[in-house]
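The shown structure was predicted, so the numbers you read here are calculated from the model rather than taken from an experiment.
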Amino acid sequence: MRLHYLAIAAVSLVLHTAHSQEITETSFGKGMLNVVAKDSSWSVKFAPRIQFRAGSQWDYDGDSYGSPEYNFLIRRARLKFDGFAFSPTLKYKIELGLSNRDISGASRFTSDAPRYILDAVVMWNFYENFELWVGQTKLPGNVERVVSSANLQLIDRSLLNSRFNIDRDIGIQLRHQTKLSESIVLREKFALSQGEGRNITTGNLGGLQYTGRLEVLPFGTFKGKGDYIQSDLSREQSPKLMVGVTYDFNDNAVKTRSNLGDYMLTSTGFYETDISTIFVDAMFKYKGFSFMGEFAAREADAPVATELNGMPAMDEEGNLTEDVVLVGNAYNFQAGYVFESNYEIAGRFTTVDYDAITETSNPEQYTVGVSKYIVGHKLKVQSDVSYTTSSGEPDSIEFRIGFDLHF
């Protein structure tokens, strides 16, 4: 509750400050408020956001698809603040989530508190093209995850992302950019983090997490950071391509999906194993056409949780935990075209192949979507339909529709 009141107080402060400080001219989609101190010693942009979704799902029961299940959801409701402090070289970002999905996950590992904080990070451009990031934010993982959920081409991210991404964590990051020629740009990113995800208060239980990412842009940079925005709304007039490779190593991880998933807690303590995750991805854009491809793979030294004596893992009540690291690999391919009317059609194919040891069925999913961009990604209406199979057999059909409003 304290963070809830803090969020309200922060909004009130911004509104109050707007009457006493210089406000830069702005328009819809550029932030609700842009405030700069009179002495230019700090700035803040406040940009709230709402994402509504409705969906219907038909599950296959072996003979036919049953009656639909309906769902209406405020998928995301967020407050975002960013700007600089003291100097333009010292930037910050704070993003708070207010929807149930954003704040869920309270446990003893978060001091039984809702997980309001998504991002709380300071970014210091301390020398030439070097930046030091400190705080909680997204790790430099697969491109689909780092793309903001406000800038998606379809209603939500793929199965590859939901099962293999490395999401947010608390720690430090070092980032650098090099221009190798008139057109070729190289970016290097490294992160050292706690390894157990966002808003953890109990401290490190296993080892630390190490993430490195290398990106190559052979045809120069995208317009408006378009390599991390799905859909070619900028209509690149020359081909643009980003190819990225990420390697993530979580030393003595205690969760089933590296820094995500369930804690592997047994009657003799936390089960620990080294987990490695690899991503290879690409983003391409040209004259309204966009393509994104991804590969992900996860391995663990010893994926099946056991007791300290090597026996099968039991919980405190003597029941088998059946905790297994979700090891395997996945492919995701997505493409779309934006018409001059700012309507877009897009399609996606995702296939996941879990290792047999997980005893998890392997899904494939085909998705087709239509979007209308009224003010780019800041105000849009989207819908999509997905057909999913499980180990080659029909599983479900899902239809979704939603809108985004982002100041």
Quiz prompt | Those residues that, when tested against Phe339, pass ring-ring contact (aromatic ring centres under 6.0 Å, His included) (two or more places apart) | solution =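 By the ring-ring contact (aromatic ring centres under 6.0 Å, His included) rule, Phe339 matches Tyr337.
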
Using 0.5 Å steps for rounding, measure from the [atom1] atom of [X] to the [atom2] atom of [Y].
X: Ile374; Y: Asn342; atom1: CD1; atom2: CG; answer: 10.0 Å
X: Ile278; Y: Glu299; atom1: CD1; atom2: CD; answer: 6.5 Å
X: Thr221; Y: Met242; atom1: OG1; atom2: CE; answer: 12.5 Å
X: Tyr387; Y: Ile397; atom1: OH; atom2: CD1; answer: 7.0 Å
X: Met123; Y: Phe84; atom1: CE; atom2: CZ; answer: 13.0 Å
X: Leu73; Y: Phe52; atom1: CG; atom2: CZ; answer: 8.5 Å

Please set out all donor-acceptor pairs under 3.5 angstrom arising from side-chain atoms of residues 88-98, sequence neighbours excluded.
from  : atom 1 : to     : atom 2 : distance (Å)
Thr89 : OG1    : Ser87  : OG     : 3.0
Tyr92 : OH     : Ser43  : O      : 2.8
Lys93 : NZ     : Asp119 : OD2    : 3.4

State plainly whether the residues [X] and [Y] are in salt-bridge range, i.e. N to O under 4.0 Å.
X: Arg257; Y: Asp262; answer: no
X: Arg76; Y: Asp404; answer: no
X: Asp323; Y: Lys255; answer: no

Exercise. Kindly state each residue pair satisfying side-chain hydrogen bond (donor to acceptor under 3.5 Å, both in side chains) with at least one member in residues 393-402, sequence neighbours excluded.
Key: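 Output for this query lists Asp384-Arg400.
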
Self-check item: side-chain hydrogen bond (donor to acceptor under 3.5 Å, both in side chains) partners of residues 103-112, not counting sequence neighbours, each pair once
Solution: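 Found Ser111-Thr201.
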
Going by atom types only, do [X] and [Y] share a side-chain donor-acceptor pair under 3.5 Å?
X: Asp301; Y: Thr273; result: no
X: Glu307; Y: Ser267; result: yes
X: Asn362; Y: Ser391; result: no
X: Gln209; Y: Gln194; result: no
X: Arg157; Y: Thr350; result: no
X: Gln57; Y: Asp59; result: yes

Exercise. Using the salt bridge (charged side-chain N to carboxylate O under 4.0 Å, His left out) rule, take Asp156 and Arg75 through it: C-alpha gap first, then chi angles, then the decisive distance, then the call.
Key: CA-CA 10 Å; Asp156 219 330; Arg75 178 61 182 87; 3.6 Å; yes

Self-check item: Thr388 vs Ser386, side-chain hydrogen bond (donor to acceptor under 3.5 Å, both in side chains): CA-CA, chis, key distance, verdict
Solution: CA-CA 6 Å; Thr388 306; Ser386 295; 5.7 Å; no

Under 3.5 Å, side chain of [X] to main-chain N/O of [Y], donor-acceptor pair present?
X: Arg145; Y: Leu139; result: no
X: Glu236; Y: Lys223; result: yes
X: Gln173; Y: Lys138; result: yes
X: Asp169; Y: Gly195; result: yes
X: Gln382; Y: Ile401; result: no
X: Gln136; Y: Ile117; result: yes
X: His377; Y: Gln230; result: yes
X: Arg53; Y: Phe72; result: no
X: Thr246; Y: Pro140; result: yes
X: Asp355; Y: Ile357; result: no

Exercise. Would you please test His176 and Leu174 for side chain to side chain contact (heavy atoms under 4.5 Å, CB included) and show each step?
Key: CA-CA 7 Å; His176 179 253; Leu174 180 65; 6.0 Å; no

Quiz item: Parallel, tilted or perpendicular: which fits the ring planes of Tyr366 and Phe349, with parallel below 30° and perpendicular above 60°?
Solution: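 Answer is tilted, since the angle falls between 30° and 60°.
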
Exercise. Measure the acute angle between the ring planes of Tyr247 and Phe249, then classify it against the limits of 30° and 60° as parallel, tilted or perpendicular.
Key: parallel

Exercise. Take Ser258 and Asp248, measure what side chain to side chain contact (heavy atoms under 4.5 Å, CB included) needs, and give me the verdict at the end.
Key: CA-CA 9 Å; Ser258 188; Asp248 179 83; 3.7 Å; yes

Quiz item: Distance under 6.0 Å and angle within 45° of the ring axis: does Lys240 meet both against Phe222?
Solution: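 No.
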
To check you understand the geometry: which heavy-atom pair defines the closest contact between [X] and [Y], and what is its length?
X: Ala313; Y: Thr266; answer: CB-CG2, 3.5 Å
X: Gly207; Y: Asn250; answer: O-OD1, 4.2 Å
X: Val338; Y: Ser231; answer: CG2-CB, 4.2 Å
X: Tyr286; Y: Pro239; answer: CD1-N, 3.4 Å

Tell me whether the count of non-hydrogen atoms from other residues, nucleotides or ligands lying under 6.0 Å of [atom1] in [X] goes above 12.
X: Gln237; atom1: CD; answer: yes
X: Arg235; atom1: CZ; answer: yes
X: Tyr343; atom1: OH; answer: no

Exercise. Would you check, one step at a time, whether the test side-chain hydrogen bond (donor to acceptor under 3.5 Å, both in side chains) holds for Asn259 with Asp167?
Key: CA-CA 8 Å; Asn259 63 356; Asp167 203 60; over 6 Å; no

Quiz prompt | salt bridge (charged side-chain N to carboxylate O under 4.0 Å, His left out) contacts touching residues 180-196 (sequence neighbours left out) | solution =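 Counting only pairs at least two positions apart or across chains, the salt bridge (charged side-chain N to carboxylate O under 4.0 Å, His left out) contacts touching residues 180-196 are Arg187-Glu215, Arg187-Asp227, Lys189-Glu215.
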
Practice problem: Provide the full list of salt bridge (charged side-chain N to carboxylate O under 4.0 Å, His left out) pairs with a residue in residues 266-292, sequence neighbours left out, each pair given once. | Solution: Arg213-Asp281

Exercise. Start with the C-alpha distance between Tyr354 and Leu326, add both sets of side-chain angles, then the distance that settles side chain to side chain contact (heavy atoms under 4.5 Å, CB included), and finish with yes or no.
Key: CA-CA 7 Å; Tyr354 299 115; Leu326 198 64; 3.7 Å; yes

Quiz item: When the aromatic ring centroids of Tyr263 and Phe109 are compared, is their separation below 6.0 Å?
Solution: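 Yes, the ring centres sit under 6.0 Å apart.
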
Exercise. Let me see the working for Ser290 and Glu344 under side chain to side chain contact (heavy atoms under 4.5 Å, CB included), right down to the final yes or no.
Key: CA-CA 11 Å; Ser290 62; Glu344 182 183 40; 4.2 Å; yes

Quiz item: Given Glu144 and Ser158, is the side-chain hydrogen bond (donor to acceptor under 3.5 Å, both in side chains) satisfied, shown in steps?
Solution: CA-CA 8 Å; Glu144 184 183 16; Ser158 69; 2.8 Å; yes

